[in-house]
Every structure is written in C-alpha cells, then in structure tokens.
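Residue numbering restarts at 1 for every chain, and letters A, B, ... go by the order of the sequence lines.
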Number of protein chains: 2
Amino acid sequence: MAKLNREKVDIVTVSNAANVSISTVSRSFNHPEKVSADTRKRIDRAVRKLGYIRNRAAQTIHGIRSGTIGLIVPTMDHAIFSELMEAFSRSVEAHGFSMLVASHGYDLEKEYAVTRKFLEHRIDGVALIGQEHSEETYQLLEQNRTPAISIWNYSAKSRLPCVGADNTRAGEMAAEHLLENGHRRIGLLFAPGNGNDRAQGRMDGARAALKAAGIDTPAEWTLQSPYSLSAAKRDVRILLEQTHRPTALLCGNDVLALGAIYAAQSMNLHVPDDISVIGIGDFKGSEDMHPALTTIRLPAQRIGFLAGEQLADAIINKPDHLPRVECAIALRARQSCRAI
Amino acid sequence: MAKLNREKVDIVTVSNAANVSISTVSRSFNHPEKVSADTRKRIDRAVRKLGYIRNRAAQTIHGIRSGTIGLIVPTMDHAIFSELMEAFSRSVEAHGFSMLVASHGYDLEKEYAVTRKFLEHRIDGVALIGQEHSEETYQLLEQNRTPAISIWNYSAKSRLPCVGADNTRAGEMAAEHLLENGHRRIGLLFAPGNGNDRAQGRMDGARAALKAAGIDTPAEWTLQSPYSLSAAKRDVRILLEQTHRPTALLCGNDVLALGAIYAAQSMNLHVPDDISVIGIGDFKGSEDMHPALTTIRLPAQRIGFLAGEQLADAIINKPDHLPRVECAIALRARQSCRAI
DNA sequence: TCAATTTATGAAAACGTTTGCATTACTATT
DNA sequence: AATAGTAATGCAAACGTTTTCATAAATTGA
C-alpha cells in the first residue's frame, strides 16, 4: 500500500480510485455519518493505497480554519521561554492546532513583521509575550480580528487579554523576603528593560518595596546585565570587589542569580554566609543547584498551558470576551539567602 | 489608513479600490516590473488603505510553495534543542520561510502523527532530530517527496541527508580524555537510549573506547538517568555513597554532568580533587559553572544554522542530491577533571 | 402498489490566488 | 504614414477543497 507515485494525489485521484465523486470523498472525511459504510470503506482503502493527505491550504481558502496558531517570543533559547513554548504547544496541539513559532530578539519592529507574516498564513490565533508591542502590531491584530493573547505578564489593564503572572509583584516579593531577613544593603541585578516589560516590572516592584522600607539603592549597586551567566558573573565580580559590599543581591531572573552565585564562589565568598542571593523565575534546575536557589516561582508551564487553552477556546467557541487570567506566584525560600 | 473594515479584504477589494483588474494587483506583488509605476503606486495606496494581507493558502493551492518549514523535536525545553531551534529558525526565516514546530516526547509514533499533520499543511520541507524514526515516517516523507533532513547526529550512512556531529565520536573523545588523565575507574551516566540515538551513540562510543583500553565498567557504575538535574543528582549520590567509588564520571550530557557535580558537592566531595566529571554538549553556561565543566563541544547553533541553510537550499534550488554535513566537535578541557 | 420519506450520491459553485493568452495602446523604424 | 514591436492590462482557467442543491435509489406506511 501507499506506493511511491510520481504524480500528486489529490481528492480527484482518490475519488477515481474509489469510483465515487469528489463530494463523497470529502464527505467521508468531514461528515462520515453521511456516507454509507460500504462506500466509506472503499474510500479508506483508496486513501491508504494512494497515500492521500488532505490539503489544508485548500480547506483554508474555503473559509475553514487554517489549524495553525502562532507563538511569537523574544527568543527561544531562554529556559523560561522554552518551557513556556513546550507547554503552549502541547495544549494547542491537543485541540488540533499546529504551532508556528518565531522569535524577534526583543525588536518590536521585527515582531510586527513576523506577526504580519503569520497573518499571511492565516493563523487562527496568535500569542505574544508581554504587553510591550508596537502600536502597529496592536492595530494589525485588531484590524484583522485575529484572536490574540498576551502571555507571561498579568496586568488588569492589558490591551489584549492576558494569561500570566504579576511581575511587579514578583519584584516586590523578592525585596520583601530580603527585608524580612534583615537585609538593608541590597544590590540589584536586572536585565535591560527596553522591549522587555517583564524585567522592567520586576525592577520597578523591587525598587518600590525597597523605597517603602526607606531604602534607596545606590547607583553603583544597580547592575544591568544581559541575560547570560557569563555577563552576570563578570558584572557581579566587579560589584563584589568593592570594599563596601551589599549583604544581598536581588536578581531579575534565575540565570542572573546563578551568575551572581558563581561570581561569589569564584571569589571565595560563601553563599549565603557572605552574601545572600535571590532570583526570580524558579527555572528548571534552580531547586537542584548548590546552594539551592531562593527565588520567586513564576509558573511557566502553567502559564503556557492555560494560554494555549484560552486561545484555542477563543478560536473554537468565539466568546465575545476573553478573561484575563492571573497565575499565582510564590516565594521558594531555599538555601541561597540567610537572615542577618 | 488601514481602517477597521467589517468585511474581509481580498485581492478583489483591492483591485476595485485601485480601479484595475485582479491580475494587475497580483502582478504588482509578484512581478512589479510588469506593472507601470503609476498603477503600482495606486495599488500600493489601496493596499495600505485597506490593510490587505496576501493569502498564502490561496497561493499554496496554486502550486506555489507554502513558505513553511517544519521542525520536529523530541522536546523544546532542553537547552540544547532550544538553542538549535533558535538558530534553525533564524536561518530559515532569512530565506522567507515560517517555522512550524512540534515536539513528540521521544515517542516515534507521535513523531509520525506530527509529520503527517505538517504534511497536511503542505510544508515545503521538514527537519527531524536524529536518525531513529519509524519506518512509516521515512516512507511518508519519501512518498511525498518532501525535502527532509535529519539534524543533530552525523552518520555517513544516514537514510536522510543529515547535518550534525558524530555522537559516537563524542563519547569516545570524552572517554579518551579521562584515560589520558590516568583514570581507569570510570562511572558512566547516560540518558535512556530508546528513541534517542544520540544518547545511545555517545554511550556506545564511550564504552568502545574504554574497552579498547581494557576497561570494563561494572554494572553498578553504569547509571541511566532521565534528563534532569534532580534525577542525575539523586542517582549519582547513590553511586557515590558506595565505598568503592570511581575516580571519574563520564556523563552523556552537560545537564547530567552538572547534576553529578551537585551530587558530589552535596556530599562534600570536591570536583575535581575527589572526583572528576566530564560532560558532552557544552551547553550555554557550562563554561561559567563552578567548577567550569570539562566537556565535548557539540556546536548546536552551527548545526541549527547549517541545517536551515541546507533545507532552504534543497527547497529553493532542488538539487538532486543533498550532501551530508559533519560539524566538528572538540574537547573543552576546563576545571572539572584532573589528572591522577 | 403507490405515494411519501429518507438515505446516498453527484454536479456545480465558491473560496483567493497566479498566470498564459489575448487585446489594446503606445513607440520606434522604415 | 504604415508596420512591426513592445508595454500594460484584462479575461478566464486552474489550483484542491467544501457545501448547497438536485436527483436517484431505497425504505416506509397505508
């Protein structure tokens, strides 16, 4: 069966082989109950024999859903986004959709271009990361009435429906944990905030909580490092070489936190005895590090899964209003912070 | 411009607005030189005003390429695959393709199902990870004459053209490095080999090299752990609690190696003084760990990039034969192994 | 046994493009 | 001024489906 056939096999080929009209073949796929058992069997045999595969493009121009959903991320190779992607993919796939993915490298114009390209493919819906997008991107989506959601951050006044966590609160919680443990000299290490409202929100939250406790972090203790172990390590080493050192480091994400820990270790400083480190994210592996990382857990898998469900639901059932979903975050107090 | 219009806008809408026929509109997109500058300008204005976006599905059924490439991975949230994906995506995108992605969780039947689904979308090409696929998957691709490549492992006798590294050799090189450093008591820690020819190949290579040196690893020093820091940590702890301990651990990938290091650290064993650890992969961050991980570098980004180029080339230029591309691997001797 | 339903199938239009061919209006050549 | 050639455009067929409507065949009910 399914022999190698030089010519393309389409619904006509099948209908000929099964000695029925193309309408019947189509029906046998889409409304099998309307076709006699006998005919159906004959068609199935022909399909298998010829190796026929339906052409979704043809269905799509007929007004049927394309069966694709787009996911546009800043980058795929950050642990946090790949976890999210995997979960999102699994959940939309369970509803029969295929996933188109692209990354834009924190460039909002690129994001617009990719969105446009996806719309050419007539995606049934699209998910974007965060809520910082160009006005053109928002308009493009509204104009085409393409179901779209924003994932990763929660905000009560997001322009798109969103599924995510409150990054500002995450920053606050991290700061509060350090404060509760008696820290007052706190260094800040964050990823650049432009094109990245997650990082910005966390930073704002942390700053606000510290300010509320009467603490103003000096500029030389406020580090901005790209998302990379080596960059964080390098930058934190410089900070720690100063004579006047913070007792704790609040890091915008777990990778930066791990970099900070490595920096400390490489200078023979003990974490948490000599310096405490707290992260945000709770990436895979943060729990198993040594010392186990104290961090704020952002439920990436849950967010990805729920986002997929929401979007699939939006496409299939066309509710006229999509809710905003806030996913709970929580402190994971482990071994990288101590009370002073 | 681009007002919110209730009705769909297609090429007919545009042609009316610009007072030309649909043929001219189409030509103005695809063969602009065949349309007078004046008309083109008029069309462009209409396009912008209406917010028209070409329908690739319609082009596709006309026999034109769909402009999509599929990438099917075991899982997206292993560092190594996400790095690969990002590089692959960038490279196919540069050639104008959009990327469909799916994961199969090391289940070859799922892989077949996903491949089929992608074929329904009329992908122009597809990339699979590794060379272990079901016969049905191979036949499906051959039958449809869909350009396909296998990425990640190189093998001179692969059924599909491949772009990748020699995993067997990686295993050998890791073993050789330990042998050269005087180790004879070597523990093995690998991911399960079924549905994962990469892991299997590395293990075979390591075993062969050890055997050639007259070393037979006892069963209790041969660990099989799922790809996870915590599993590796747990399993290695058990191994290290034995009185008769290996002097070195050869790990099938860097995550397992890092887990092994954490296990050692948690038992107050020093790496490399008390035990040496070597990994395979050289993931992002392995270099920055503490101690910096000695490992065999597999160039994930380069593989992803070249694979994208190869596949795009196969689609665009239809050469009748695609070469196999082997990407060089190399030892990165850092601080986690010592000579004894 | 005949009319009235019901069931199974086919014919044809529609979906949004691209492109080969035909037509018209210029431009250049003599 | 007539002819050949070229540039710009339109018409209509084609791509592979789905679905509405019509029709034929089978079943039901009297």
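- Heavy atoms from other residues, nucleotides or ligands lying under 6.0 Å from CZ of A:Arg42 number more than 12.
- Relative ring orientation between B:Tyr106 and B:His104 is described as perpendicular, the plane-to-plane angle rising above 60° on a 0-90° scale split at 30° and 60°.
- In this model, the phosphate group of C:dT9 is approached by a side-chain N or O of A:Ser36 to a distance below 4.0 Å at OP1 or OP2.
- OP1 and OP2 of D:dT17 both lie 4.0 Å or more from every side-chain N or O belonging to A:Gln59.
- Nucleic acid contact for A:Phe29: none, since no nucleic acid atom lies under 4.0 Å from a heavy atom of the residue.
- Note on the helix from C:dT1-D:dA30 to C:dT30-D:dA1: angle between the axes of the first and last five pairs equals 40°, rounded to 10 degrees.
- For C:dT17, the OP1/OP2 oxygens have no side-chain nitrogen or oxygen of B:Asn55 closer than 4.0 Å.
- If you check residues 21-28 of chain B against DNA chain D, the residues with a heavy atom closer than 4.0 Å are B:Ser21, B:Ser23, B:Thr24, B:Arg27, listed by number.
- Taking atom NE2 on A:His62 and atom P on D:dT19, their separation rounds to 5 Å, with Å as the unit.
- The distance from atom CD of B:Gln143 to atom OH of B:Tyr138, rounded to the nearest 0.5 Å, is 16.0 Å.
- Residues A:Leu71 and A:Val92 are not in side-chain contact: their nearest non-hydrogen atoms beyond the backbone lie 4.5 Å or more apart.
- Residue contacts for A:Thr60: at a heavy-atom cut-off of 4.0 Å it reaches no nucleic acid atom on any strand shown.
- Within 6.0 Å of the CZ atom in A:Arg302, the count of heavy atoms belonging to other residues, nucleotides or ligands does not exceed 12.
- Ion pairing of B:Arg159 with B:Glu135 is present here, as a side-chain N (NZ or NE/NH1/NH2) and a carboxylate O approach within less than 4.0 Å.
- At a threshold of 4.0 angstrom between heavy atoms, the contacts of B:Val12 with the nucleic acid are absent.
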